[in-house]
Amino acid sequence: MSDYSELDKKQDVHILHSMGYAQELERRMSSFSNFAVSFSIICILSGGINSLAQATAGAGGAAIGIGWPVGCFISLVFAIAMAQISSAYPTAGGLYHWGSILGNRFTGWLTAWFNLLGLVTVLGAINVGTYYFFMGSFGTTYLGLTDTTTVRIIFLVVITGAQALVNHMGIGLTAKLTDFSGYLIFASSIALAVVCLAAAPSYEVGRLFTFANYSGEAGGNVWPATSGTWVFLLGLLLPIYTITGYDASAHTSEETVKAAESVPRGMVASVLWSALFGYIMLCAFVLMLPNMDDAAKQGWNVFFWAMDSQVNPLVKDILYLAILVSQWLCGLATVTSVSRMIFAFSRDGGLPASKALSKVSPQYRTPVAAIWTGSILSVLFVWFTSLDFMKVGDTPVYTIVVSCTVIFLFFSFAIPITLGLFAWGTSKWDKMGPWNLGEGVFKLFAVLTVIAMVLIFILGIQPPNRAALYVTVGFLLLTAIVWFGFESRRFKGPPIGAEVAKRQAEIAAAEAAVGESGEH
């Protein structure tokens, strides 16, 4: 990073100090690294493949040809609006700070909990997806493994532990691996697209724009029987659920050089490139399918069914290995995001054991306790919700919570964006960052965000995930009780106004403790 001057560093640290925080984490991430951490979490080779049946067993080819761009645009709406705010307030745990600064202590606290629970559970879901991909590609065929709760949890402990260990050892190593992940996802998605096109029986492009209704038995019961309109809308969950996690760019703000410029660019670019390469890859896959009706019947097994029937075994295994590594790196980047959220919320006393969770290792310059806590909680979440009795009717609690996870994450995006709609130009938000859309464009995207959030919520609580509505409402009631019963008197929120000036001595001490010279 030869273009990162001492003046640039002073500017980054000055912005952080002006928000009342010390430069405890180490700025080792380039602009590309900031992009790569979000691109790695989005990982079209993870969500795009593991959730493919939501499209192929729904509205068929049109769910990809038309549905993918529409769903990606919905995610882009959130990313663009968040990018505007991230440029003005580039801090770790960004969403929590934005919710507090643009609103009040309660909106910040609520945003933090939505984001934190979403990140912990999505880490579990990503690694479970990696587990099932491993079983489908190598575990059952080559190792003779059987899917049991014990095997699943052992697998998760191993891969999540490895992800936590890499994060523990410093942002430098993590950034190198997520940089590699960025290149690997680009290369592997293009390679998969080329292989699919080479193996395609014909190039029936019209298939990508042909609507079908494979709900119910025709689609392996991925979706309960419903109308053609609804099954298309439900298919939008494939791109919406896949293109998320770009808040990682904001969470790593304090480790990114020229953060006020790099973070918003990384956030938006990760969505745009994921949308483009995901579209190429998935369209090629749909063209490779021997028959859409037969593919829909495979339900959740459609990817392995198509690869087994159409692709050379050696080529297939090489692709599987690249996809598996990409999925593990997706989890690695998610641990980074989770831990920075825990760290940021804890340094303002937002969590139990906040003092320990906000501590930064002087040796590795990482929030070690936050890294391991987030990782352990994600595994415990999967284990607990995998127990046989954890069902609501016929639907496993795990499935319901994963549906809630995405709702929670998008709520955590929507709250500060909506607050920004009203705070623009007031004393709460009177200074924009260098990445500035202008008032009119930001407010347009903020309004679109509200509309998109309503759509995502409605889609997220449809059968078979109807119980997600009750979980979300229950969570909101619980947070209201906790806030008004306890936290409203205890939780002070981030430093604002005069509180920032009072913290300068603490900032100097915190930086000295980790060997950071800062501005001092």
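As the structure is a computational prediction, the values presented were derived from the model and not from experiment.
For the pair Arg265 and Phe35, the NZ or CZ position fails the cation-pi test of under 6.0 Å to the six-membered ring centre and within 45 degrees of the ring normal.
Listed here is the closest heavy atom pair of Val360 and Val514: O-CG1, 3.9 Å. Considering all non-hydrogen atoms of both residues, Phe445 and Ala81 come closest at CB-CB, 4.3 Å. When all heavy atoms of Tyr96 and Gly493 are compared, the pair lying nearest together is OH-C, 3.6 Å. For the pair Leu238 and Ser51, the tightest heavy-atom approach, listed with the atom from each and the gap, is CD1-O, 3.4 Å. Nearest approach of Leu123 to Ser378, heavy atoms of both residues: CD2-OG, 3.5 Å. His97 approaches Pro494 most closely through the heavy-atom pair CD2-CB, 3.8 Å.
Checked by atom type and distance alone, the side chain of Ser253 pairs as donor or acceptor with a backbone atom of Ala250 at under 3.5 Å. Remark: the backbone N or O of Leu351 is paired with a side-chain donor or acceptor of Ser354 at under 3.5 angstrom. Remark: side-chain polar atoms of Ser262 are not paired, donor with acceptor, to backbone N or O of Ala259 under 3.5 angstrom. A side-chain donor-acceptor contact under 3.5 Å links Arg27 to the backbone of Thr256. Between the side chain of Thr121 and the backbone N or O of Gly118 there is at least one donor-acceptor pair closer than 3.5 Å.
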Determine, stepwise, if the pair Ile496 / Val500 fulfils side-chain contact (heavy atoms from CB on, under 4.5 Å).
CA-CA 6 Å; Ile496 298 173; Val500 174; 5.7 Å; no
Exercise for review: Might you work through the salt bridge (Lys or Arg N to Asp or Glu O under 4.0 Å) test for Arg340 and Glu255, ending with a clear yes or no?
Suggested key: CA-CA 10 Å; Arg340 273 41 173 192; Glu255 292 152 286; 2.6 Å; yes
Derivation of the side chain to side chain donor-acceptor pair (under 3.5 Å) call for Ser30 and Ser33: CA-CA 5 Å; Ser30 65; Ser33 296; 3.1 Å; yes
Give the C-alpha distance, both sets of side-chain angles, the deciding distance and a yes or no for side-chain contact (heavy atoms from CB on, under 4.5 Å) between Ser326 and Cys43. CA-CA 7 Å; Ser326 297; Cys43 193; 4.2 Å; yes
Worked check of side-chain contact (heavy atoms from CB on, under 4.5 Å) between Val338 and Met341: CA-CA 5 Å; Val338 174; Met341 181 62 217; 5.9 Å; no
Report the C-alpha separation of Asp8 and Ser5 in whole Å, then their side-chain angles, then the decisive distance to 0.1 Å, and conclude whether the side chain to side chain donor-acceptor pair (under 3.5 Å) test is met. CA-CA 5 Å; Asp8 291 329; Ser5 68; 3.1 Å; yes
Original post:
Step by step, would you call Gln327 with Asn127 a side chain to side chain donor-acceptor pair (under 3.5 Å)?
Top reply: CA-CA 8 Å; Gln327 291 186 1; Asn127 284 341; over 6 Å; no
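Around the CZ atom of Arg466, the shell of radius 6.0 Å holds no more than 12 heavy atoms that belong to other residues, nucleotides or ligands. More than 12 heavy atoms of other residues, nucleotides or ligands shown are found within 6.0 angstrom of CE on Met19.
Rounded to the nearest 0.5 angstrom, Leu16 CG and Gln11 CD are separated by 11.5 Å. Atom-to-atom distance recorded for Ser100:OG and Lys492:NZ is 14.5 Å, nearest 0.5 angstrom. Atom CG in Asn167 sits 3.5 Å away from atom OG1 in Thr336 (nearest 0.5 Å). Here the CG atom belonging to Leu119 is positioned 9.0 Å from the CD1 atom belonging to Ile126, to the nearest 0.5 angstrom. One finds the NZ atom of Lys258 at 15.5 Å from the CE atom of Met29 (value rounded to the nearest 0.5 Å). Between the CE atom of Met135 and the CZ atom of Arg152 there is a distance of 9.0 Å, given to the nearest 0.5 Å.
Side-chain contact between Leu45 and Met281: present, with at least one pair of heavy atoms (C-beta onward) separated by less than 4.5 Å. Looking at Thr107 and Asn104, their side chains come closer than 4.5 Å, going by heavy atoms from C-beta outward. Using a 4.5 Å heavy-atom threshold, the side chains of Val263 and Ser87 count as separate. No side-chain heavy atom of Glu261 sits under 4.5 Å from any side-chain heavy atom of Trp435. Proximity of Met267 to Ser86: side-chain heavy atoms (C-beta onward) are separated by under 4.5 Å at one or more points. Residues Ile171 and Leu25 fail the side-chain proximity criterion, which asks for heavy atoms closer than 4.5 Å. No side-chain heavy atom of Leu357 sits under 4.5 Å from any side-chain heavy atom of Phe345. For the pair Ile240 and Ile456, the minimum side-chain heavy-atom distance is below 4.5 Å.
Considering Phe413, Phe411, Phe410 as possible partners of Phe114, the one that fulfils the ring-ring contact (aromatic ring centres under 6.0 Å, His included) test is Phe411.
For the ring-ring contact (aromatic ring centres under 6.0 Å, His included) test, residues two or more places apart in sequence or in another chain that qualify with Trp424 are Trp429, Phe442.
A salt bridge links Arg490 with Glu487: the distance from a Lys NZ or Arg NE/NH1/NH2 to an Asp or Glu carboxylate oxygen falls below 4.0 Å. Under 4.0 Å is where a charged nitrogen must lie from a carboxylate oxygen, and between Glu254 and Arg347 at least one such pair does. Salt-bridge formation is detected for the pair Arg503/Asp348: a Lys NZ or Arg NE/NH1/NH2 atom is positioned less than 4.0 Å from an Asp or Glu carboxylate oxygen.
Residues Tyr183 and Phe186 place their aromatic rings such that the two centres sit no closer than 6.0 Å.
Pairs passing the ring pair (Phe, Tyr, Trp, His ring centres under 6.0 Å) check and including a residue from residues 115-134, sequence neighbours excluded, read Tyr131-Phe155, Phe133-Phe304, Phe133-Tyr320, Phe134-Phe155. Evaluation of the side-chain hydrogen bond (donor to acceptor under 3.5 Å, both in side chains) test over residues 238-252, restricted to residues two or more places apart or in two chains, returns Asn34-Ser249, Asn34-Thr252, Ser38-Ser249, Asn115-Asp247, Asn115-His251, Asp247-His251.
Residues Ser346 and Ser358 bring no donor and acceptor atom of their side chains to less than 3.5 Å of each other. Looking only at atom types and distance, the side chain of Glu511 has a donor-acceptor partner in the side chain of His17 under 3.5 Å away.
The aromatic rings of Phe277 and Trp273 are tilted relative to each other, their planes meeting at an angle between 30° and 60°. The aromatic rings of Phe491 and Trp483 sit perpendicular to each other, their planes meeting at more than 60°, with 30° as the lower class boundary.
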